[in-house]
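Residue numbers start from 1 in every chain, and the chains themselves are labelled A, B, ... in the order their sequence lines are given, proteins ahead of strands.
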Number of protein chains: 2
Amino acid sequence: MDAACFLNAADRHCQQQGAKLTSLRRQVLELVLGYDGVVKAYQVLADLQRQRGIAAPPTVYRALDFLVASGLLHKVDALNGYIVCRHVGCNHEGLILVCSQCGRVQELDATPMLALLREQAGGEGFAIAPQNLLLTGHCQGCQA
Amino acid sequence: MDAACFLNAADRHCQQQGAKLTSLRRQVLELVLGYDGVVKAYQVLADLQRQRGIAAPPTVYRALDFLVASGLLHKVDALNGYIVCRHVGCNHEGLILVCSQCGRVQELDATPMLALLREQAGGEGFAIAPQNLLLTGHCQGCQA
DNA sequence: AAACGTTCTGTTATACCGTAACATTCTTGG
DNA sequence: CCAAGAATGTTACGGTATAACAGAACGTTT
């Protein structure tokens, strides 16, 4: 799915949910789409400054927060970054593999794994919420 | 297991591995043990400054890094924090369950789970690094 | 249209998180 | 003792994130 197509899907997705994909938020999403893999907030900020002349951290953080809340992006805590969600609209839980060297992202289906985890956690009285599973490691290209 | 007992276990654990649990590292571990759940590096730093008069960030970060590398603590990326490992000695990867309501933390062994994940990811040419799995949900007490 | 509340965005300032780089001290084996 | 490596002290900085308030845009009601 290319960027233009994704943006259309994002428009539809937000409209369905009554969320407003404003021009700023759309611009930020577009900037994130321009990268391959994990993006840092301050990278986006720098891009935004190049395009708008001036922008401050809260501007980009607010847009990113919105996009995460809408399910269009995922936050990658371990790397202080963000990635595009490639499963917008469907209810699958993803297994997201992030290469800690090159930042590239790969997604598998984590549904069976999360079912097992849910079972294990449930045995301890803990109900895990729907979520994606984020793991870091090295992709094929980055293994020496 | 109380703090004193844990410290003894930590001494033995490090001795077995040829790692040196110096007095500074032990002091940091003790400070972390004084908290219930997730601790931030700068909390520990503040405590250390109270006890020693002066200390700088690298001092506490180095000690925390050592304790994580030794398996005595886990780093919780999503929360920029650290927790005591409750399974010292069994050389495992943790499954850390964080209750999004009350903030309490519970730890299970994720080793078998990660073995499966490693196999699945390996099939795609991706090598998963050693790490903990952090999942959010609701603990027993917080399920209405 | 005018008045209003709500949501979004701009702006300034600051707090928090983490590490690089180098100096110094402390072990430990020869 | 002495050299080598490990651990700690110290300074300084860069990256990450948010608080707090001001202003603008938008829809709704009157």
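Looking at B:N132, its side chain does come within 3.5 Å of a backbone N or O of B:G94 through a donor-acceptor pair. Listed for the A:R25 side chain is a donor-acceptor partner under 3.5 Å among the backbone atoms of A:K20. A distance-only check finds a donor-acceptor pair linking the side chain of A:Q131 to the backbone of A:A129 [under 3.5 Å]. Proximity of a side-chain donor or acceptor of B:H13 to a complementary backbone N or O of B:L7 within less than 3.5 Å is not detected.
The CG-P distance, from B:L21 to D:dA6, rounds to 18 Å in whole Å. To the nearest angstrom, C1' of C:dT9 lies 12 Å from CD1 of A:I54. In this structure, B:L45 places its CG atom 13 Å from P of D:dT10, rounding to the nearest Å. Distance, B:L24 CG to C:dT27 C1': 15 Å, rounded to whole Å. Here the P atom of nucleotide D:dT18 and the CZ atom of A:F66 are 17 Å apart, to the nearest Å. Going from atom CD of B:Q27 over to atom P of D:dA7 covers 17 Å, rounded to whole Å.
Under a cutoff of 6.0 Å and an axis angle of 45°, A:R86 and A:F6 form a cation-pi pair.
Among the protein residues, A:T22 comes within range of the sugar-phosphate backbone only, with heavy atoms under 4.0 Å from sugar or phosphate atoms but none that close to a base. Residue contacts for A:R25: at a heavy-atom cut-off of 4.0 Å it reaches the sugar-phosphate backbone alone, with no base atom in range.
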Worked check of side chain to side chain donor-acceptor pair (under 3.5 Å) between B:N80 and B:Y42
CA-CA 10 Å; B:N80 295 319; B:Y42 273 64; over 6 Å; no

Under the side chain to side chain donor-acceptor pair (under 3.5 Å) criterion, do A:R52 and A:Q27 qualify, and how do the steps go?
CA-CA 10 Å; A:R52 300 205 155 199; A:Q27 185 179 6; 2.8 Å; yes

Find every protein N or O atom lying less than 3.5 Å from an N or O atom of nucleotides 28-30 of chain C, and list the pairs.
none

For nucleotides 15-17 of chain D, list the nitrogen or oxygen atoms of the protein found under 3.5 Å from its nitrogen or oxygen atoms, one pair per line.
unit_1 : atom_1 : unit_2 : atom_2 : d
D:dT16 : OP1    : A:K40  : NZ     : 2.4
D:dA17 : OP1    : A:K75  : NZ     : 3.4
D:dA17 : OP2    : A:Y61  : OH     : 3.1
D:dA17 : N7     : A:Y42  : OH     : 2.9

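Phosphate proximity of C:dG10 to A:T59: present, with a side-chain N or O under 4.0 Å from OP1 or OP2.
Comparing A:P58 and B:A56 against DNA chain D, the residue whose closest nucleotide sits nearer the 5' end is B:A56.
At most 12 heavy atoms of other shown residues, nucleotides or ligands fall within 6.0 angstrom of atom CD in A:Q15.
Electrostatic pairing of A:D65 and A:K75 does not count as a salt bridge here, judged by no charged N lying under 4.0 Å from a carboxylate O.
Side-chain atoms of B:R62 come within donor-acceptor range of the base of D:dG9, with a qualifying N/O pair under 3.5 Å.
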